[in-house]
Every structure is written in C-alpha cells, then in structure tokens.
Amino acid sequence: MPTNSNPPAPLDDPVLAPLNAGQRSAVCHGDGPALVVAGAGSGKTRVLSHRIAFLLEHRHISPFDVLAITFTNKAAGEMRERIGSLVGPVAQQMWISTFHSACARILRRHAEALGYPASFSIYDQADSRRLTRYVVRDLDLDPKRYSDRAVHAAISALKNQLTTPAGAAELAEPPDNGSPFSKTVARIYSEYQKRLRRAGAMDFDDLLMLGVELLRTNPDVAEHYRQRFAHILVDEYQDTNLAQVRLIGLLSGLARNVFVVGDSDQSIYAFRGADITNILEFGATFPDGSTYVLDQNYRSSQSILDAANSVIRNNRGRPPKNLWTDRRGGAKPIRFRAESAQDEARYVCSELRRMQRDGAIGWSDAAVFYRSNAQSRAIEEELVAHDVPYQVIGGTRFYDRKEIKDALAFLRVAVNPADEVSLKRIVNEPARGIGDRSLAKLDEAAARGGTSLTEVIERVETLLLRGTARGGLLKFRELMSRARACVPEGPAAVLTEALETSGYLADLRDTSGIEAEGRLENLHDLIGAAEAFESCDEFLEQVSLVSDVDEMTDAQQVSLMTLHAAKGLEFDVVFITGLEDGVFPHYRSMTEPDEMEEERRLAYVGITRARKQLYLTHVWGRMLHGQTNYHPTSRFIEEISPELIDDRSDHAPRFAGAWRPATSEWGANRGAGRPSEYSQLDDAEPAARRSQRSDAARHEGSAAKRREARREKARSRVAARSEPQPSPSVEFAYGIGDDVLHDRFGAGVVLDLRPDGDDWEVTVHFSGVGPKKLVASYAKLRPARS
DNA sequence: GAGCACTGGAGCAAA
DNA sequence: TCCAGTGCTC
C-alpha cells in the first residue's frame with residue numbers, strides 16, 4: 001500500500017470532489033500521525049467523514065478496522081450518516097462512538113480480566129457522589145468539610161490524571177503537596193475505589209482509567225485491538241484528557257495511524273480534565289506527524305467572525321490564526337443591555353417572535369445560550385408566556401428524574417446484585433419498613449462478612465432485625481429474585497416485573513395529581529424505550545452514557561442550552577445572554593488567568609455557532625441567591641470594538657420595576673411604566689401550542705407544580721404589564737434608567753427607586769464605582785442629560 | 001419508620 | 001431561590 005496513493009481526479013469522485021484544497025490534502029493524508037487544526041465552521045466533521053470514506057474507498061481499509069471517536073453520541077450518529085451516504089450501509093456497523101462508549105464496550109468484553117463482572121454497573125455523577133457520601137460517613141469524617149461534591153471532584157481529577165489511590169497517597173505526602181485535605185481525599189479515594197469494585201461498578205472516570213489499565217496489563221487484549229484498529233480518528237481533540245490520549249496511544253500501537261481533528265481555541269473542558277496541551281504539543285509528541293490547517297469558515301458571516309476574532313485575540317500564547325470567510329459583510333452582532341434577567345428574556349422572546357413572524361426564521365433556527373443552567377428559567381418563563389415552543393438541552397435530564405433512577409436501579413440490581421448504590425436506592429422504595437437503622441445493620445453485616453448487601457439479604461433470617469424490617473427484606477428479596485428471572489427476557493420485562501411487584505406503579509396510580517401522572521407517563525416512556533433492547537446490559541449502558549445534546553430533537557423549537565452544550569452545533573440566529581463579568585466570565589474563573597482564557601474560548605465557541613445573526617445581551621441587575629447583584633458588562637463584549645457592533649440598548653427608561661415617581665417635565669412625558677417598544681409585541685397570540693409543551697411539564701416530577709405555578713405567573717405578568725404603574729406624588733427630575741450625576745461618585749444610572757419613609761431610596765450604578773443605595777433627599781442627584 | 005415543615009447553607013460547565 | 005438535611009409528630 002503506497003503511503004500516499006494517487007487520488008483520482010477529484011471532480012469524478014464523491015469522496016474528494018466536495019472538498020476544498022486544504023480539506024482534500026488532509027483527507028488524503030498517508031500513514032502515520034496527523035493533526036488537522038480546524039477552526040470553527042471550517043468543515044471539521046466533513047473532513048473526518050470523508051477521511052474515513054477515503055480510507056475505505058481508496059485505501060481499501062476494512063470498515064471494521066477503523067475506530068472513530070466523537071464527542072457526543074449525537075455527533076457519532078451524524079458522522080455515521082454522512083459516511084453512510086458516501087460508502088453505503090456498512091457505516092452502520094462501524095465503530096463510531098464516544099470515548100466512554102467505546103471503553104464501556106471494550107470493558108464489557110474483558111471485565112473479568114480486571115476482576116469486574118461483565119454486567120458491571122456504570123455510575124453517573126449522582127451515583128458516584130452518593131457512594132462518596134457513604135464512604136465519608138463510614139470513615140467517620142465530617143461531611144461538611146468533606147462534601148461529596150468536593151471530594152468526588154478531587155477523586156475525578158485524580159482519575160483523569162490516571163492517578164491510583166496509592167499514587168494519590170504518595171502525592172499527598174511532602175514534598176509533593178501534603179495538604180491535610182488531599183491526604184484525606186487519598187484515604188477516601190482508596191475506600192471509594194474498593195467499594196466500587198465490591199459493587200461491581202465503574203464511574204465515568206473509571207471507564208477511561210480502567211480502559212487504560214486493561215490494555216496496559218493485558219498485552220494480548222491490547223494486541224487484539226491494535227490489530228483491529230488500523231486507523232483511529234478523533235474529533236474535538238482539544239478536549240481530550242490524559243487518560244484518553246493514553247488510550248489512543250495504546251490502541252494505535254506502532255503503526256500510529258492516528259488522525260486527530262481539533263481547534264485549541266475551542267478547548268472548554270479543562271474542568272473535567274481536558275488538557276489543551278494535547279493538541280498544542282501534538283507536534284512535539286509526534287515529531288514525524290503531519291499538520292493540516294483549515295481556516296476558511298463556511299458557517300458564519302464576516303461580521304460574526306470579526307467579533308469572534310476580536311474576542312479570541314485576547315488570549316495569550318495561542319498559535320496565531322485568523323478565521324476568514326468569503327462571505328463578506330452580513331448583519332453586525334446586536335448588543336442589548338437589559339434592566340433585569342426578566343427584561344433580557346422579554347427582549348430575546350420578542351426578537352424571536354418578530355423574526356419568526358416575519359418569516360426570517362423557523363423556531364428551530366434559533367438558539368439561546370447561557371453560562372449556567374439556572375439562567376434558563378427567566379427565558380423559559382417568557383417563552384411559555386408567549387407560547388413560543390422551545391426545548392431545554394441539559395439541566396434536569398429525563399434520566400435524572402427520581403422515578404427513572406429508581407426504575408433503573410431495580411434493573412441494575414437485577415443484573416448486578418452487588419450494586420450497592422442502586423440497592424440502597426430501592427431497598428425501601430416504595431416504603432417497606434426498612435429504615436436507616438436496619439440498613440446500618442445490613443451494612444455492618446456486609447462489612448463484617450466482606451460480602452455484598454445482596455448476599456446479606458439472602459440470609460436475612462439469620463440477622464437480628466425487627467419484624468417489620470425483616471418482613472420488608474423478605475418481600476424485597478422475593479421481588480428481586482422475580483425480577484432477576486426476567487433478565488433473559490430483556491430490560492422491558494425486568495422493569496415491568498419490578499415496578500409492578502414492588503407496588504411502585506400501584507402507589508403512583510393511587511396518588512392523584514399531575515405529579516404522579518407525570519411519573520407514570522415517564523415510566524411508561526422508559527419501558528417503551530427499553531423494549532427496543534434485547535439485552536439489559538446494552539440498555540443500561542446506552543442509558544448511562546447519553547449526553548445532554550443527544551436528547552436534542554430537530555422539531556420546530558427554539559433551543560436553550562449552556563455554552564458548553566453548544567459546542568459542535570450551529571444555528572442561523574444565536575443569542576448569548578448574561579454577558580456580565582461574574583456571570584460570563586464566571587466569577588470563579590476571574591482570578592485565574594488560565595481559567596479566564598478558557599471562559600474566553602467559551603465565548604468564542606458561542607459566537608462562532610451563529611450563521612447569520614448574533615445577539616449579545618447583558619443586564620444591569622440580576623437576581624442571584626435571592627438578591628439582586630450588579631455586574632459590569634462582560635469583558636467579552638468590551639473586547640469587540642464598538643463599530644463592529646449594533647448597539648440596540650435602549651437608554652430611555654422603559655418600565656419601572658415597582659415604583660416610578662412621575663412628574664418633572666421630561667420624566668412625565670416619558671411616562672410612568674411605559675412599555676418598551678419590544679414589549680408591544682406582547683398580548684394576544686393564540687395560546688394554541690400550550691398542550692404541546694405540557695409534556696415538558698409532566699417530566700418535571702416533583703417540581704411540576706411549582707413550575708406550573710411559575711408559568712401561570714409568567715402568563716399573568718404579561719397580561720399585567722400593560723396596566724399603569726402606581727405613581728406616588730414626589731417631585732423628581734429623574735426616573736429609573738436615567739443617567740444622573742453625583743458630586744462624589746460621578747456619572748451613574750438609576751437602577752431602582754423605592755419609597756423609604758417620607759423619602760426615597762435610590763439605587764444608582766456608578767461607572768467605575770458600582771451600585772450604591774442612596775437616600776434621595778441627601779444624594780443631590782442631577783439628571784445628566786446632554 | 002414515615003411524612004411533614006422548617007432551616008440553614010450553597011450556588012459552574014458534564015460523559 | 002432552591003435543595004438537602006434535620007427535627008418533630010403520629
């Protein structure tokens with residue numbers, strides 16, 4: 001096989017014809033390591049899929065000898081489809097998956113070699129934290145000081161670095177580190193890992209770490225996969241961690257046919273162990289490797305790219321590159337400053353409705369991004385109030401809901417009786433008289449005998465337990481043995497058996513209300529999904545490894561998601577909201593230069609998702625922890641020079657929060673509580689689509705009622721907004737939203753006015769000083785109108 | 001042991 | 001604002 005085959009004339013060839021020169025040379029790369037530095041929108045996925053098609057069609061590599069790694073299952077599916085269109089249905093059989101799925105699949109086959117059952121459980125973050133909590137408790141440590149959250153994060157970080165418990169203990173000793181916390185974490189880690197092993201369970205990090213261990217300690221297994229995977233391709237290489245890079249190394253062996261694609265400017269997962277130097281130092285790691293650069297963007301208008309380049313330019317030590325496009329011009333990014341999160345949501349919603357009404361977009365062409373999931377709330381309320389269809393990506397997922405986790409716990413225990421976390425979850429669900437004390441006795445018996453809880457329950461007759469607890473355990477044992485008997489029939493049978501026999505479904509049926517109804521429907525949906533699987537293991541694995549974006553649909557809905565979730569997606573219209581220093585960039589990253597750079601890359605990722613129109617919004621005051629906080633405009637907005645931006649911020653007062661002193665000549669004619677121009681779109685649009693979303697509400701489980709109440713509130717608020725605001729009779733020359741001058745603090749903007757006895761309390765945001773609360777009669781504020 | 005009301009503490013991104 | 005943990009009552 002020549003290392004650089006002569007491709008046919010590209011024009012005749014479906015694999016090569018659609019590519020530009022840069023893409024083509026990458027796709028036609030010969031053997032050995034290759035890095036494709038692919039800027040946002042430069043056709044990364046296209047290069048990967050065509051590379052695979054090229055290997056199959058031109059290099060006659062067997063489709064079964066290729067391993068392709070993507071970042072999400074959704075991306076894997078899309079790639080499979082694209083390859084399918086080039087090479088045919090064989091693409092369905094290929095190994096195209098995420099790191100975690102590929103590892104789970106390999107580990108499933110060789111689990112015994114590591115001392116795990118083939119039907120090992122996969123613990124998600126919640127399960128892992130729960131186990132951490134058990135360990136902290138059992139080691140008699142202070143659960144406040146050693147919160148499951150912090151401890152598990154520390155353990156996860158160690159695992160991502162492939163550090164074993166022994167290694168962690170060593171690291172915690174002087175001269176390395178020696179902090180008491182890390183010493184204790186090492187102890188917890190050691191016990192935690194023992195408990196995982198005893199439970200026959202792996203956490204997310206284990207999938208990678210034990211994958212590496214398997215290949216390292218079992219040369220024959222490693223050799224098998226090396227023979228098999230003649231070519232390995234990796235997407236989003238900038239977000240790989242040490243364990244993943246090791247895996248690639250172990251799987252590729254001497255041939256090192258590793259073809260990786262990524263963009264260091266889009267590295268945004270350091271917090272889960274991703275190491276940007278993997279891509280930056282690719283050349284040093286593989287001195288004989290080839291590098292291809294793709295910098296032509298096919299996605300966004302020049303105006304959007306200008307904004308993106310202006311922001312990312314501020315990161316130091318990045319390889320110089322400038323994304324370009326031949327689509328000149330395009331609409332400038334629109335900036336909007338709102339008063340509050342609600343106001344911001346109102347603006348986003350009204351813009352969405354305007355564009356949709358004008359036929360400029362369909363709902364699915366638009367997306368709203370935010371830094372953290374909690375920010376979706378205000379947007380959702382507004383969209384609900386106006387019957388704009390939307391989907392929230394991430395946040396509380398279907399598989400995180402209590403009833404779903406309970407049901408899956410039954411299934412897990414049925415296939416893996418040792419699974420401690422799942423068993424404890426359901427042993428008393430629904431209640432059958434087994435409380436903390438009984439559970440503690442079981443725990444103790446298990447620890448004494450060095451066995452699992454299930455084995456202890458097997459001989460429950462020999463234990464000293466109260467009648468109710470004993471009876472409950474006998475029932476539970478009977479229930480689980482019946483469920484276990486259904487395992488050969490598949491996951492749907494097990495779920496049905498367990499949920500019926502346990503009385504779980506009966507309990508829900510007996511409970512009235514929207515909440516119980518929702519849960520029943522969710523369980524129904526789960527069993528429906530399970531019916532597509534013959535093997536319980538496969539079903540559980542698939543369910544454990546779905547990512548947030550995997551659940552995204554392409555229905556006619558506006559998509560709401562975090563900036564992290566947005567990676568790899570694109571939309572005609574993108575709103576990036578909450579652009580305030582402290583929100584985005586997140587305050588926790590503001591003191592660490594490296595973390596700030598990662599925030600900036602996150603901004604870059606967000607901006608480059610937009611094809612035609614980008615909106616950048618921020619607010620003056622945002623409710624956080626139950627009180628209003630004032631943040632300066634995000635530096636990421638400031639980094640874009642003003643002439644590149646279309647500033648639509650309305651500096652006139654728009655609506656008064658609660659009170660607005662009307663009078664004074666211009667205060668009066670501006671009107672109290674004048675609805676903003678954009679809120680005039682409000683009011684009556686037929687509330688037809690409500691039912692469409694009620695299914696979103698029923699998924700909420702326990703939050704459903706509160707949620708529905710909030711929605712009701714949102715609807716009525718919209719109705720109320722046109723009503724006049726009360727106007728106390730106090731003379732004022734300024735109102736909310738006005739620019740004012742103060743003798744000491746200088747120029748500022750009035751954020752709020754509240755009656756304070758006979759006087760008024762004025763909240764003013766002064767530039768360079770921040771927010772101040774002043775007493776009106778002493779503050780001597782003057783309107784600053786030019 | 002179960003279910004409820006209350007309180008205090010925490011608050012980022014996710015396979 | 002929200003959630004989990006705690007203490008109280010039946």
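Order of the sequence lines fixes the chain letters, A, B, ..., with proteins taken first and strands second; residue numbering starts at 1 for each chain.
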A:Glu213: partners by salt bridge (Lys or Arg N to Asp or Glu O under 4.0 Å), with sequence neighbours left out: none
is_close_aromatic(A:Phe71, A:Tyr269), centroid dist under 6.0 Å: yes
Test ring pair (Phe, Tyr, Trp, His ring centres under 6.0 Å) applied to A:Tyr146 - qualifying residues, sequence neighbours left out: A:Phe181
Nearest-nucleotide pick for A:Arg272, side chain only, options being C:dG5, B:dA15, B:dA13: B:dA15
Pair A:Asn278-A:Tyr237, side-chain donor/acceptor within less than 3.5 Å: no
A:Asn373 side chain near B:dA13 phosphate (N/O to OP1/OP2, under 4.0 Å): yes
Candidates B:dA13, B:dC12, B:dA15 - which lies nearest the side chain of A:Arg149: B:dC12
Under-4.0 Å side-chain N/O to phosphate OP1/OP2 contact, A:Asn73 with B:dA15: no
Given C:dT1, B:dA15, B:dC12, the nucleotide with the shortest approach to the side chain of A:Arg371: B:dC12
Residues A:Glu344 and A:Thr617: side-chain donor-acceptor under 3.5 angstrom: yes
A:Tyr604 and A:Gln266: side chain donor to acceptor below 3.5 Å: no
Which nucleotide in C:dC2, B:dA14, B:dA15 has an atom nearest any side-chain atom of A:Asp205: B:dA15
Of A:Gln125 and A:Ser372, the one whose closest DNA chain B nucleotide lies more 5': A:Ser372
d(CZ, A:Arg133; C1', C:dG5) in whole Å: 10 Å
A:Tyr192-A:Asp203 side chain donor-acceptor pair, cut-off 3.5 Å: yes
Which nucleotides of DNA chain B pair, in dot-bracket form (Watson-Crick or G-U under 3.5 Å, | meaning another strand): ||||||||||.....
Axial cation check for A:Tyr399 ring with A:Lys405, 6.0 Å and 45° limits: no
Separation of atom NZ in A:Lys159 from atom P in B:dA15, rounded to whole Å: 18 Å
Under 4.0 angstrom between A:Thr562 side-chain N/O and B:dA14 OP1 or OP2: yes
Sorted by number, the residues of residues 588-599 of chain A with heavy-atom contact under 4.0 Å to DNA chain B: A:Arg588
Measure all distances between protein nitrogen or oxygen atoms and nitrogen or oxygen atoms of nucleotides 1-7 of chain B, and list the pairs falling under 3.5 Å.
from	atom 1	to	atom 2	distance (Å)
B:dG1	OP1	A:Ser438	OG	2.8
B:dA2	OP1	A:Asn428	ND2	3.2
B:dA2	OP1	A:Gly433	N	3.2
B:dA2	OP2	A:Asn428	ND2	3.2

Partner residues of A:Ala270 under the side chain to side chain contact (heavy atoms under 4.5 Å, CB included) criterion, sequence neighbours left out: A:Glu598
A:Ala75 versus A:Thr70, closest heavy-atom pair with distance: CB-CB, 4.0 Å
Atom-to-atom span, CZ of A:Arg137 to P of C:dT6 - whole angstrom: 12 Å
